[in-house]
Amino acid sequence: MDGGGVDGYGMEMVRNRKVVLRRYVTAGYPTVDDMEVVSSTVMPRVPLGTMAPAVMVKNIYLSCDPWMRGRMTKHDDATAEIAEDFVLGEAMVNFGVSKVVDSTHPVFAAGDLVWGLCGWEEYSLITQPETLHKINHPDLPLSYYTGVLGVTGLTAYAAFFEVGKPKKGETVFVSAASGAVGQIVGQLAKIAGCYVVGSAGSDEKVTLLKTKFGFHDAFNYKKEGNDLTGALRRCFPDGIDIYFDNVGGATLDAALVNMQRGGRVVVCGMISQYNLQEPEGVHNVIQILSKTIRVEGFAVFNHFGLYPMFEDEMARYLKEGKVTVLQDVVKGIEKASEALIGMFSGRNVGKLLVAVADE
């Protein structure tokens, strides 16, 4: 790491590159030019005089997630959003895996490995350490804590079991099934004894769903044209009990037509809608009434109380080979913006993350 002089206390300053938002995205897909990497220096310790307990971390991995798109737009009604808009000129924020380099918090000590919310930067001062979690299974790859053992895995687990409430023998449809959340949901559905089918946007991803992740069936939605309803009827001749929705739009519309009476729709994401100037409407909502379908939105922040139980259970599945993970790792913080943009057009296969530093 490049040196940057010393501070007033004789401690050497270090370089801190960070990804910042240059301008808010009003509509459509964000571009690399909407962000930039800026370089500054930082003292790798909690600043003297910091009143509340805080933690200084060196970031190792940064997670790329669809929900970041919403934070790149300026919203007049902040209460309608899951999280606050990014601040122009400041490091963007998301989940990551880090090593504690200094701490004034009693729970964390220098050398601890943690995951939680951090800046998209090389070093972050965490002034709300309650957002951090110690890594309890360092024998598994640290990068898993950006995905299957972190908020991605918790999202899949809590949304599927707490909202979907699966029963053995039920049918499950997962959209964007090769993505970070979808690949885990499908495998959890199989563990729960369900019949699971996924949709994805390429033949390569469909093959992965069937061979690597063990889905019973899968299809390339881009090859179905405008007949997603027919594709789902072909895959689920007796109907869908649980639809795990990661995309919204036309896929949600088609799924509603094919739901079983008393089915559940878990609305976890709507990546097909995030970059549209005018969101698509859902036309088959009458199905919710006629089939008594329960449709429920999901926000992982309401379920962090499940994390200790989830971490141990998921770690066991990983060690027993019951859950398989596919990661798409981009090396270097200077490539973080390009990686994030690519995610919105489906360039990644599996969990997308950025390696910022060596473990």
Side-chain angles (χ1 to χ4, degrees), residues 27-30 66 69 164 170-187 189-190 194-261 263-291 293 295 297 326 328 341-350 352:
Y29 285 84
R69 173 61 183 86
E170 289 192 316
T171 57
V172 178
F173 171 48
V174 184
S175 56
S178 67
V181 171
Q183 63 179 251
I184 301 171
V185 171
Q187 294 176 87
K190 283 200 69 180
C194 298
Y195 179 84
V196 58
V197 176
S199 64
S202 73
D203 291 344
E204 175 195 10
K205 292 179 180 180
V206 166
T207 299
L208 283 170
L209 291 175
K210 294 179 180 180
T211 59
K212 189 176 182 66
F213 301 127
F215 282 59
H216 293 101
D217 200 358
F219 65 90
N220 181 348
Y221 72 88
K222 292 181 180 178
K223 287 189 169 181
E224 301 296 334
N226 295 321
D227 193 19
L228 289 175
T229 300
L232 290 175
R233 186 173 295 118
R234 182 179 72 240
C235 293
F236 297 98
D238 296 321
I240 302 166
D241 292 303
I242 301 172
Y243 170 39
F244 198 99
D245 186 18
N246 290 307
V247 301
T251 305
L252 173 57
D253 231 6
L256 288 174
V257 174
N258 284 277
M259 294 298 294
Q260 284 266 38
R261 184 172 299 279
R264 288 86 72 200
V265 177
V266 184
V267 183
C268 188
M270 291 200 169
I271 197 167
S272 73
Q273 305 299 295
Y274 296 153
N275 298 298
L276 298 181
Q277 205 156 12
E278 291 292 334
E280 297 172 336
V282 177
H283 306 284
N284 293 317
V285 290
I286 196 171
Q287 300 286 332
I288 299 171
L289 176 62
S290 62
K291 296 180 179 178
I293 300 167
V295 180
L326 182 63
D328 195 332
I341 298 305
M343 178 184 63
F344 294 114
S345 57
R347 291 183 204 164
N348 61 298
V349 179
L352 182 62

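Note that the numbering runs from 1 along the sequence shown for the chain. Below, each value reflects all heavy atoms present in this structure, side chains not excepted, and no hydrogens, waters or symmetry copies.
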So how far is it from [X] [atom1] to [Y] [atom2], rounded to the nearest 0.5 Å?
| X | Y | atom1 | atom2 | result |
| --- | --- | --- | --- | --- |
| L208 | F215 | CG | CZ | 10.5 Å |
| C194 | F173 | SG | CZ | 15.0 Å |
| N284 | L252 | CG | CG | 9.0 Å |
| N220 | E204 | CG | CD | 11.0 Å |
| K205 | K210 | NZ | NZ | 16.0 Å |
| I242 | E170 | CD1 | CD | 5.0 Å |

Over all atoms of both residues, closest heavy-atom pair of [X] and [Y]:
| X | Y | answer |
| --- | --- | --- |
| G350 | N348 | O-ND2, 2.9 Å |
| F344 | Y29 | O-CE2, 3.5 Å |
| L209 | A200 | CD1-CB, 4.1 Å |
| R69 | P30 | NE-CD, 3.5 Å |
| M259 | I293 | CB-CD1, 3.5 Å |
| D217 | C235 | OD2-SG, 4.1 Å |

Just list the side-chain donor-acceptor pairs under 3.5 Å for residues 221-228, sequence neighbours left out, or say none.
unit_1, atom_1, unit_2, atom_2, d
K223, NZ, D203, OD1, 3.3
K223, NZ, D203, OD2, 2.7
E224, OE2, R234, NH2, 3.0
D227, OD1, G230, N, 3.0

For [X] and [Y], indicate whether the former's side chain and the latter's backbone hold a donor-acceptor pair under 3.5 Å.
| X | Y | value |
| --- | --- | --- |
| Q187 | G214 | no |
| K212 | L326 | no |
| D328 | V349 | yes |
| H216 | V196 | yes |
| D241 | T171 | yes |

- Do N258 and Y243 have side-chain heavy atoms sitting under 4.5 Å apart?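 The answer is no, as the side chains (C-beta and beyond) never meet within the 4.5 Å cut-off.
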- Message: For N246 and S175, which I'm curious about, is there any donor-acceptor pair between the side chains at under 3.5 Å?
- Response: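 Side-chain D/A pair, N246 to S175: absent.
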- Item | side-chain contact (heavy atoms from CB on, under 4.5 Å) between V257 and R233, worked out | CA-CA 9 Å; V257 174; R233 186 173 295 118; 4.1 Å; yes
- Whether F236 and Y195 hold their rings parallel, tilted or perpendicular, with breakpoints at 30° and 60°: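 Because their plane-to-plane angle is over 60°, the rings of F236 and Y195 count as perpendicular.
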